Participant: 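Sending over a structure as structure tokens; questions will come in a sec.
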Amino acid sequence: MADHYEVLGVARDATADEIKKAYRRLARQLHPDVNPGADASERFKSVTHAYDVLSDAKQRDNYDRGGNGRSGGGFDAGNFGNFGDIFETFFGGGGTSRGPKSRRDRGQDALIRVELDLDEIIFGTHRDLEVDTAVLCASCSGTCCQPGTAPVTCDICHGTGSIQRAVRSLLGNVMTSSPCGSCRGYGTIIATPCVTCQGQGRVRARRTVPVDIPAGVDTGLRLQMPGSGEAGPAGGPNGDLYLEMKVRHHDVFSRDGDDLLATLEVPMTDAILGTTATVKALDGDIEVEVRAGVQSAEVITIKERGVTRLRGNGRGDLKIGVHVATPTRLDHKERELIEAFAARHKSPAPTLSAVQQGLFSKLRDRFRG
């Protein structure tokens with residue numbers, strides 16, 4: 001059983017960097033593409049296995065305490081490697097490399113909550129949103145390298161991103177492929193990383209995203225902005241930006257689908273005689289005709305003064321529920337006038353009738369009816 005430290009030619013207290021340098025030096029000498037001899041192939045397998053053990057802190061600690069660290073010969077469950085490699089070997093892969101992986105990857109999606117006032121959703125609005133996100137590094141333009149430099153081909157895997165080796169198993173010798181420990185499977189090495197982004201190709205920054213919010217949105221609705229999310233690593237494509245809408249409460253108006261609802265308080269005299277009222281809507285003043293004899297909970301509908309439809313043409317309606325206000329404090333003269341009116345207008349005596357809903361319940365039912 002060969003000692004892993006002796007195989008790599010390093011001391012037992014060697015640092016991780018010293019172990020990596022020793023492995024790279026030996027791998028360049030013994031790689032099958034450089035040295036096709038049978039002895040070199042066996043040594044290359046031993047060197048690679050030794051490096052796999054000693055480059056992993058947990059495995060190295062176990063090995064130093066007397067754990068199994070055999071580098072060939074006999075049955076070793078660890079020599080089976082990844083079951084995916086064995087299946088690939090027998091069912092179509094043949095142990096061939098799938099090629100190096102790319103450093104470029106898609107950026108993450110981002111979610112922002114946008115609060116709107118009710119009047120902003122009638123016709124839509126524009127917002128310039130400040131977003132804290134990942135953006136493309138201006139120094140290296142996503143290459144991850146210092147300006148004027150470029151990634152170099154890995155001299156261990158020669159750009160393939162993987163190392164192939166024969167592994168002894170119950171099925172015989174099986175060719176397996178594992179990511180190159182030197183370049184981590186990328187096939188290239190960034191010798192001089194960009195100091196601005198630390199070799200990531202992107203940095204954190206605040207940027208302004210202009211957004212045209214359409215009319216008719218409602219609380220909970222999400223708008224998708226493709227390509228406006230975080231920049232991907234190494235110049236990869238941006239993710240998407242999602243805007244989640246929240247419409248603030250309004251003290252006067254409420255929303256029911258595309259309709260706006262409001263309540264108009266009418267003095268008793270105006271309810272009897274009729275009147276014209278000017279009310280301030282969300283998009284300008286409106287003249288409201290109150291007919292003589294109007295009753296509480298009646299609904300006056302103003303066409304096309306509601307919310308613009310999100311998917312369609314036109315607008316909803318403004319529905320105004322009437323609330324007749326009865327005076328509670330009368331002076332002597334006012335009371336005499338009311339009593340005279342009551343004497344001239346003989347009303348039937350109060351009687352029991354069907355259960356009456358509260359004003360707002362009646363308004364709600366009539367609004368929706």
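Note that this is a predicted model, so its numbers are computed, not measured. We use all heavy atoms of the structure for the numbers below, so side chains are in, but hydrogens, waters and symmetry mates are not.
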Participant: Answer yes if V279 and I300 sit in the same cluster of Ile, Leu, Val, Met, Phe, Trp and Tyr residues linked by side chain heavy atoms under 4.5 Å apart, and no otherwise.
Facilitator: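 They do share one cluster, since a chain of ILVMFWY contacts under 4.5 Å joins V279 to I300.
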Participant: Considering residues, nucleotides and ligands other than R335, do more than 12 of their heavy atoms fall under 6.0 Å from its CZ?
Facilitator: no
Participant: Mark yes or no for whether D117, through its side chain, and D119, through its backbone, hold a donor-acceptor pair below 3.5 Å.
Facilitator: no
Participant: Applying side chain to side chain donor-acceptor pair (under 3.5 Å) to T276 and E287, what does each step give before you reach the verdict?
Facilitator: CA-CA 7 Å; T276 299; E287 295 290 328; 5.6 Å; no
Participant: Taking it one step at a time, do D109 and R106 satisfy salt bridge (charged side-chain N to carboxylate O under 4.0 Å, His left out)?
Facilitator: CA-CA 9 Å; D109 296 336; R106 182 180 183 274; 3.0 Å; yes
Participant: Yes or no on side chain to side chain donor-acceptor pair (under 3.5 Å) for T192 and T149, after CA distance, side-chain angles and deciding distance?
Facilitator: CA-CA 7 Å; T192 53; T149 66; 3.0 Å; yes
Participant: What is the minimum heavy-atom distance between Y63 and R12, and which atoms define it?
Facilitator: CE2-NH2, 4.3 Å
Participant: Could you tell me if the side chain of H49 sits less than 4.5 Å from the side chain of F44, heavy atoms only?
Facilitator: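 Of all side-chain heavy-atom pairs linking H49 with F44, none is under 4.5 Å.
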Participant: State, yes or no, whether a side-chain contact exists between R202 and C137 at a heavy-atom distance under 4.5 Å.
Facilitator: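 Contact flag for R202/C137 side chains = no.
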Participant: Using the six-membered ring wherever Trp is involved, compare the ring planes of Y23 and Y51 and label them parallel, tilted or perpendicular (cut-offs 30° and 60°).
Facilitator: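 Rings of Y23 and Y51: parallel, as their planes differ by under 30°.
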Participant: With side-chain contact (heavy atoms from CB on, under 4.5 Å) as the criterion, how do I320 and V299 come out once you've worked through the C-alpha distance, each side chain's angles and the decisive distance to 0.1 Å?
Facilitator: CA-CA 5 Å; I320 301 175; V299 174; over 6 Å; no
Participant: Minimum heavy-atom separation for D52 and S55, please, with both atom names.
Facilitator: O-OG, 3.6 Å
Participant: Taking the side chain as everything from C-beta on, heavy atoms only, tell me whether M225 gets closer than 4.5 Å to V209.
Facilitator: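 Yes; the side chains approach each other to less than 4.5 Å.
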Participant: Where is the tightest heavy-atom contact between S182 and I189, given as atom of each residue plus distance?
Facilitator: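 Heavy atoms of S182 and I189 come nearest at OG-CD1, 3.6 Å.
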Participant: If you compare all heavy atoms of A50 against all heavy atoms of L8, which two are closest, and at what distance to 0.1 Å?
Facilitator: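 In terms of heavy atoms, the two residues are closest at CB-CG, 4.1 Å.
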Participant: For S162 and S178: C-alpha separation, side-chain torsions, deciding distance, then whether side-chain contact (heavy atoms from CB on, under 4.5 Å) applies.
Facilitator: CA-CA 5 Å; S162 60; S178 59; over 6 Å; no
Participant: Distance-only, no hydrogens or angles: does the T308 side chain make a donor-acceptor pair with backbone N or O of I122 under 3.5 Å?
Facilitator: yes
Participant: About how many Å separate CG of D258 and CZ of R311, when rounded to the nearest 0.5 Å?
Facilitator: 11.0 Å
Participant: Is a donor on one side and an acceptor on the other found under 3.5 Å between the side chain of R315 and the backbone of G306?
Facilitator: yes
Participant: Between D64 and R60, is there a side-chain heavy-atom distance shorter than 4.5 Å?
Facilitator: yes
Participant: Report the C-alpha separation of R127 and E120 in whole Å, then their side-chain angles, then the decisive distance to 0.1 Å, and conclude whether the salt bridge (charged side-chain N to carboxylate O under 4.0 Å, His left out) test is met.
Facilitator: CA-CA 11 Å; R127 289 285 182 88; E120 292 181 294; 3.1 Å; yes
Participant: Considering only heavy atoms from C-beta outward, does the side chain of D132 approach that of R204 to under 4.5 Å?
Facilitator: yes
Participant: Can you tell me if R255 uses its side chain to pair, donor with acceptor, with the backbone of G257 under 3.5 Å?
Facilitator: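 Present.
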Participant: Going from CZ on R222 to CD1 on I112, what distance comes out if it is rounded to the nearest 0.5 angstrom?
Facilitator: 12.0 Å
Participant: Measure from the side-chain N and O atoms of Q224 to the backbone N and O of Y242, and report whether any donor-acceptor pair falls under 3.5 Å.
Facilitator: no
Participant: In chain order, what residues pass the salt bridge (charged side-chain N to carboxylate O under 4.0 Å, His left out) check against D17, with sequence neighbours excluded?
Facilitator: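 Salt bridge (charged side-chain N to carboxylate O under 4.0 Å, His left out) list for D17, sorted by chain: K21.
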Participant: Taking it one step at a time, do R206 and T133 satisfy side chain to side chain donor-acceptor pair (under 3.5 Å)?
Facilitator: CA-CA 6 Å; R206 291 187 69 83; T133 184; over 6 Å; no
Participant: Please report the C-alpha distance between R103 and T188 in whole Å, then the side-chain angles of each, then the deciding distance to 0.1 Å, and finally whether the side-chain contact (heavy atoms from CB on, under 4.5 Å) criterion is met.
Facilitator: CA-CA 10 Å; R103 285 187 172 87; T188 57; 2.7 Å; yes
Participant: Taking everything shown except R184 itself, do over 12 heavy atoms lie less than 6.0 Å from its CZ?
Facilitator: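 Check fails, neighbour count at 12 or below.
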Participant: Using 4.0 Å as the upper bound for N to carboxylate O, is an ion pair formed by D155 and R24?
Facilitator: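 Between D155 and R24 there is a salt bridge, with a charged N closer than 4.0 Å to a carboxylate O.
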Participant: Starting at CG of L243, measure out to NZ of K246 and round the result to the nearest 0.5 Å.
Facilitator: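 So the gap between those two atoms works out to 16.0 Å.
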Participant: A side-chain contact here means heavy atoms from C-beta on lying under 4.5 Å apart; do I213 and V114 qualify?
Facilitator: yes
Participant: Taking all atoms of both residues into account, what is the closest heavy-atom pair of T15 and E18, and its distance?
Facilitator: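 Scanning both residues completely, I find the closest heavy atoms to be N-OE1, 2.9 Å.
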Participant: Say whether, by atom type as modelled, one donor and one acceptor occur between the side chain of H126 and the main chain of V211 under 3.5 angstrom.
Facilitator: yes
Participant: What's the spacing between L54 CG and D61 CG if we round to 0.5 Å?
Facilitator: 11.5 Å
Participant: Is the shortest side-chain heavy-atom distance between S228 and V131 below 4.5 Å?
Facilitator: no
Participant: Answer yes if L241 and L111 sit in the same cluster of Ile, Leu, Val, Met, Phe, Trp and Tyr residues linked by side chain heavy atoms under 4.5 Å apart, and no otherwise.
Facilitator: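 No, because L241 and L111 fall into different hydrophobic clusters, even though each may have its own neighbours under 4.5 Å.
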Participant: Considering only residues two or more places apart or on different chains, which pairs with a residue in residues 324-333 satisfy side chain to side chain donor-acceptor pair (under 3.5 Å)?
Facilitator: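 Side chain to side chain donor-acceptor pair (under 3.5 Å) check on residues 324-333 returns H332-E336.
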Participant: From C180 SG over to I156 CD1, what is the distance, rounded to the nearest 0.5 angstrom?
Facilitator: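 CD1 of I156 is found 6.5 Å from SG of C180.
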Participant: Hey, is the main chain of A234 close enough, under 3.5 Å, to the side chain of Q200 for a donor-acceptor pair?
Facilitator: no
Participant: Nearest heavy-atom pair of R43 and L26: which atoms, and what distance?
Facilitator: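 Reported closest heavy-atom pair: NH2-CD2, 4.3 Å.
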Participant: Should we count CZ of R344 as having more than 12 external heavy atoms under 6.0 Å?
Facilitator: no
Participant: Would you find a donor on one side and an acceptor on the other, under 3.5 Å apart, between the side chain of Y186 and the backbone of C154?
Facilitator: no
Participant: Kindly determine whether H250 and L282 satisfy side-chain contact (heavy atoms from CB on, under 4.5 Å), including the steps that lead there.
Facilitator: CA-CA 10 Å; H250 195 280; L282 293 174; 3.5 Å; yes
Participant: Tell me if a side-chain donor or acceptor on D256 pairs with a main-chain N or O of D259 at a distance below 3.5 Å.
Facilitator: no
Participant: Going from CZ on R248 to OG1 on T219, what distance comes out if it is rounded to the nearest 0.5 angstrom?
Facilitator: 10.5 Å
Participant: Is there a path of hydrophobic side-chain contacts, each under 4.5 Å between heavy atoms of I, L, V, M, F, W or Y residues, that connects I190 with L136?
Facilitator: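 Shared cluster, no.
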Participant: Counting N and O atoms only, with roles assigned by atom type, does the side chain of T143 sit under 3.5 Å from a partner on the main chain of C140, one being a donor and the other an acceptor?
Facilitator: yes
Participant: In this structure, would V266 and V252 fall into the same cluster of hydrophobic residues linked by side-chain contacts under 4.5 Å?
Facilitator: yes
Participant: Taking the side chain as every heavy atom from C-beta outward, state whether M245 and L116 have any atom pair closer than 4.5 Å.
Facilitator: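 Yes - at least one pair of side-chain heavy atoms lies under 4.5 Å apart.
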